[in-house]
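Data block below; observations after.
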Amino acid sequence: MSESHVWDDVEDYFVSQLAPEDEVLTATLRDSEAAGLPEIAVSAAEGKLLHLLAQIQGATRILEIGTLGGYSTIWLARALPADGRLVTLEYSPKHAEVARRNIARAGLDKVVEVRVGPALESLAELADETSGTSATSANPAPFDLVFIDADKVNNPHYVEWALKLTRPGSLIIIDNVARGGRVADPDNTSPDVRGTRTAIELIGSHARLSGTAIQTVGRKGYDGFALARVLD
C-alpha cells in the first residue's frame with residue numbers, strides 16, 4: 001500500500017469520526033466545483049481545526065484573507081457567537097459571488113461580510129476603519145483571529161497587515177506553508193516559495209510574534225500550516 005493511500009485512509013477515518021461534513025458543507029464544495037472554482041479549499045480536517053482554534057481563541061471578530069467558495073469561511077463563522085463578525089477578502093468577483101451564495105445557504109450572511117478586490121487594498125481600508133481615519137468608520141475592534149490563505153507571494157505583507165489589525169493575544173494562521181517541501185530548498189526562487197519563506201522568517205524574527213509551523217499529509221497531499229500568536 002502506498003504512503004499516499006495510507007494518508008487518505010487515515011484522513012477519511014479521522015474525518016468520519018471527528019469532522020463529518022453536513023449537507024451545507026458538502027453543497028459548498030459541490031457548487032464551488034460546478035462553478036469552475038479551483039479545488040484548493042481546506043480539507044474537512046483542517047476546517048474543523050480552524051473551527052476549534054476560533055472557539056479556543058474565544059474569537060468574536062475573524063479576518064480571512066482568501067475566500068474562494070466560502071468553505072473555510074463557513075467553518076470559521078460557525079465558531080463565532082451570535083454577535084460575532086467575520087470579514088473575508090476575495091480578489092475574484094466570480095469566486096465572491098459563489099461564496100456569498102454558499103454563505104447565505106449556511107445561514108451566515110448576517111455574520112459574514114465578503115469584500116471584493118485586491119487584498120492589500122482591502123486590508124488598507126480595514127486599517128483605516130480600525131484607526132478611525134475612514135469617513136465611514138465605526139471604529140471596529142481588532143480581529144481575534146486572522147486566517148491567511150491567498151496568493152502566497154504576498155504572505156509576508158499579509159502577516160504585516162495582520163499585526164496592524166489584531167491585538168495582543170490574537171492568533172494568525174497561514175495555510176499551505178510546506179509548499180511540497182520546496183520551502184526548505186534555498187535554491188528554489190519560485191514566487192510562492194519566496195513569499196512563504198519570507199513570512200515564516202518574519203514570524204521567527206519579529207519581536208511581537210511567537211509561532212510554529214506544522215507539516216501535514218492527507219488528501220491535500222504534503223502540506224502544512226503556520227500558527228503565530230501576537231505578543232504584547
Side-chain angles (χ1 to χ4, degrees), residues 11 15 18-57 59-123 125-126 129 140 143-152 154-155 158 161-162 165 171-177 216 218-220 223 225:
E11 181 164 341
V15 168
L18 303 171
E21 290 183 335
D22 54 35
E23 184 178 343
V24 168
L25 290 167
T26 300
T28 295
L29 292 177
R30 183 192 63 228
D31 289 0
S32 296
E33 181 181 359
L37 273 60
E39 297 180 44
I40 55 174
V42 301
S43 67
E46 187 176 2
K48 182 63 177 290
L49 176 62
L50 292 171
H51 179 85
L52 288 170
L53 287 171
Q55 288 182 319
I56 293 167
Q57 184 71 4
T60 61
R61 282 179 52 80
I62 295 174
L63 172 63
E64 179 182 51
I65 305 174
T67 315
L68 195 61
Y71 183 77
S72 56
T73 316
I74 292 169
W75 274 111
L76 285 164
R78 283 178 168 179
L80 288 168
D83 60 346
R85 188 71 173 166
L86 188 152
V87 177
T88 182
L89 312 180
E90 175 53 50
Y91 177 79
S92 166
K94 176 184 177 182
H95 294 181
E97 183 56 35
V98 173
R100 287 191 177 109
R101 292 198 299 268
N102 289 330
I103 291 164
R105 179 173 49 216
L108 295 166
D109 48 318
K110 300 296 190 294
V111 175
V112 176
E113 176 188 359
V114 181
R115 297 196 181 193
V116 183
L120 293 177
E121 295 180 9
S122 297
L123 288 164
E125 292 170 1
L126 281 170
E129 293 168 15
F143 291 99
D144 306 302
L145 184 150
V146 178
F147 178 48
I148 300 171
D149 189 14
D151 56 309
K152 311 309 175 187
N154 279 314
N155 272 344
Y158 296 148
W161 275 113
L165 292 165
L171 183 64
I172 300 170
I173 307 166
I174 311 175
D175 201 14
N176 309 126
V177 297
T216 61
R219 290 203 171 274
K220 301 283 290 183
D223 208 336
F225 59 92

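Note that the numbering runs from 1 along the sequence shown for the chain.
For E121, the side-chain hydrogen bond (donor to acceptor under 3.5 Å, both in side chains) test picks out no residue, with sequence neighbours left out. R30 pairs by the side-chain hydrogen bond (donor to acceptor under 3.5 Å, both in side chains) definition with nothing, not counting sequence neighbours. Partners of A96 according to the side-chain contact (heavy atoms from CB on, under 4.5 Å) rule, which considers only residues two or more places apart in sequence or in another chain, are E90, R100, V114, V116. Scanning for side-chain contact (heavy atoms from CB on, under 4.5 Å) contacts around L49 gives L53, F225, with sequence neighbours left out. By the side-chain contact (heavy atoms from CB on, under 4.5 Å) test, R61 pairs with R85, P140, A141, F143, D144, sequence neighbours left out. Partners of Y158 according to the side-chain hydrogen bond (donor to acceptor under 3.5 Å, both in side chains) rule, which considers only residues two or more places apart in sequence or in another chain, are D151. Judged as a salt bridge (charged side-chain N to carboxylate O under 4.0 Å, His left out), and not counting sequence neighbours, the contacts of D149 are K152. Partners of D83 under the side-chain contact (heavy atoms from CB on, under 4.5 Å) rule, at least two apart in sequence or in another chain, are P81. Under the rule for a side-chain hydrogen bond (donor to acceptor under 3.5 Å, both in side chains), the partners of N102 that lie at least two apart in sequence or sit in another chain are S32, R105.
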### Message
side-chain contact (heavy atoms from CB on, under 4.5 Å), that's the test. Do T26 and E23 meet it? Break it down for me.
### Response
CA-CA 5 Å; T26 300; E23 184 178 343; 5.7 Å; no

### Task
Test V146 against L165 for side-chain contact (heavy atoms from CB on, under 4.5 Å), laying out the working first.
CA-CA 9 Å; V146 178; L165 292 165; 5.7 Å; no

### Query
When you look at I148 and N155, which way does the side-chain contact (heavy atoms from CB on, under 4.5 Å) test go after all the steps?
CA-CA 8 Å; I148 300 171; N155 272 344; 3.5 Å; yes

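We find the CZ-CD1 distance between R115 and I65 to be 12.5 Å, quoted to the nearest 0.5 Å. One distance of note links CG of L89 with CH2 of W161; it measures 11.5 Å at 0.5 Å rounding. The distance from the OH atom of Y71 to the CG atom of L29 is 5.0 Å, given to the nearest 0.5 Å. With rounding to the nearest 0.5 angstrom, the CG atom of L145 is 4.5 Å from the CD1 atom of I173. Once rounded to the nearest 0.5 Å, the distance linking CG of L37 with OG1 of T67 reads 10.5 Å. Note that the CD1 atom of I174 and the CD1 atom of I172 stand 7.5 Å from one another [nearest 0.5 Å].
Side chain of H51 to backbone of W75: a donor-acceptor contact under 3.5 angstrom is found.
In terms of heavy atoms, V111 sits closest to G84 at CG1-O, 3.7 Å. Closest approach of A59 and L80 over heavy atoms only: O-CD2, 3.4 Å. Of all non-hydrogen atoms in I74 and A106, the two that sit nearest each other are CD1-CB, 4.0 Å. Closest approach of L108 and A77 over heavy atoms only: CD1-CB, 3.8 Å. Nearest heavy atom pair, residue L68 against residue P38, reads CD2-O, 3.7 Å. Residues E39 and K220 approach most closely at O-NZ, 4.4 Å, considering heavy atoms.
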Distance-only check: which donor-acceptor pairs under 3.5 Å involve side-chain atoms of residues 40-48, not counting sequence neighbours?
from: S43; atom 1: OG; to: E46; atom 2: N; distance (Å): 3.1
from: K48; atom 1: NZ; to: L18; atom 2: O; distance (Å): 2.6

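Neither side chain, E113 nor T88, offers a donor N or O lying under 3.5 Å from an acceptor on the other.
Between R78 and D22 there is a salt bridge, with a side-chain nitrogen of the basic residue lying less than 4.0 Å from a carboxylate oxygen of the acidic one.
Residues D223 and V177 are not in side-chain contact: their nearest non-hydrogen atoms beyond the backbone lie 4.5 Å or more apart.
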